[in-house]
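For reference, positions follow the sequence shown, starting with 1. Quick caveat, the model's predicted, so the values are computed rather than measured. We use all heavy atoms of the structure for the numbers below, so side chains are in, but hydrogens, waters and symmetry mates are not. Order of listing sets the numbers, starting from 1, for every ligand and every atom in it.
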Amino acid sequence: MATITFLGGTDTVTGSKFLLGAGGESVLVDCGLFQGPREMRQLNWEDPAFAGSLPDQVLITHAHIDHSGYLPRLAAHQGYAAPVRATAATVDLLGVMLPDSARLQEETAEYANKKGYSRHRPALPLYTEADAERALRLLQPAPYHEWFPVPGGRARLSRAGHILGSAHVVVETEGRRLVFSGDVGRWNIPVIEDPEPPTGAHLLLLEATYGGRSHPADVDPDTVLAGTVNRVAERGGVMVVPAFSVGRSQEILFRLRQLEEKGRVPRLPVFLDSPMSIEATELYRRHAEEHDLEMRALEEVGISPFRPARLQLARTVEESKAINHVEPPAIVLSASGMANGGRVVHHLKRRLPYSQNLVAFVGYQAEGTLGRSLVDGATRVHIHGDEVEVRAEVVMLDVFSAHADQNELLRWVGEAAPERIALVHGEDEGRQALAAALAGSFGGQVLLPRRGDTLEV
Ligand code: ZN
């Protein structure tokens, strides 16, 4: 009898880890880091309950750290040395993201030691860049749609339409078929292909990030973006976009170039100020197997889809600082997406005090981040120990979400026709709302597992 144990990413959107056991062997699907409040991050220091022995193989749905960021710890501290399989694009993205995550862990530990606020002396990083490199050596790319052997059965990856390389995982073991949704993306977003249906699952592990929410209907992302850019251009301001390096940055660049071409926005200087965003954009361009028809058509006629006319890349710190003196109007895209660190914080400090400027958030803003305070309407914020007045316009463009909303999740499940569904990767409110919505259309059993639960498949 196969079993599934929920080790993380159950009633929270981070720390995704699902252990499938069959015949004394096990496969771990996703190996995510817990993120957010301190109690949650603390869980990263506990070894996951693998029932005695390490997994025999790991499969990763996509490169986001909440699905992959525990890999260095698993490899370096727990001694995991078997293969880790994911799509080719995910393997390349992890090559950028895991070392970056490690540097962040090292900086956090260093800072704690300098300030002396850690309970542990000296404070240690959860993992180092060398640990990340060790994890990267275990990665093996798997093509979409082809079965490959896993301990106790076989597995296959299908497109999830969420970010470059994102997949849902199908595993067959002991005559049962399980589908792990990963993060379900959206239909008709630029560059990457749409989500594919997961057919005929006995058990579907379904993410519920936006289980209780609907994205604004009848809102065209291009119209929203054009309106925002034109407003800033007219009043001679600078538009700062705190954007996640993978996904949102590329979508904004893609849409800006198109809007310029159609004459819907002026050709402003656009700065991409984040080495990781620059690398990720290159991977988005290079992985042709991920591209949808529109993207392929652009490439065929020699257009660079991510290049607005006056794009400038800022790799070095000096190039980043030079943006402080740019003649407005201009657009600055910089990480991190929640403004809780990274270069964008410097741009915010510089631009927030002036009313002609605009800050456009394009993704979820977690509690306790600078982004959340600004979106909630703070008139004063503290940045690097200084008080900063907020006179710039602050907008939330949630039309750019990379997650399926409730209707899109129902659509995806409708194509899947599973026997049973376990809702994961969602706060309880979202999971319950989605469970209620599923009750209307889905006849089978819906489960809301907790961390540590084991289920017979
Ligand atoms: Zn994701």
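- Because its NZ or CZ atom is both nearer than 6.0 Å to the ring centre of F148 and within 45° of the ring axis, R85 counts as a cation-pi partner of that residue.
- Residue contact annotation: H64 places an N/O/S atom under 2.8 Å from the Zn ion (ligand 1).
- Environment of CZ in R296: crowded, with over 12 heavy atoms of neighbouring residues, nucleotides or ligands closer than 6.0 Å.
- In this structure, a donor-acceptor pair under 3.5 Å is present between the side chains of T5 and T454.
- The aromatic rings of Y284 and F306 lie perpendicular to each other, with more than 60° between the two planes, well past the 30° mark.
- The Zn ion (ligand 1) has an N, O or S atom of D183 closer than 2.8 Å.
- For a distance bound of 2.8 Å, the N, O or S atoms of H162 include one lying that close to the Zn ion (ligand 1).
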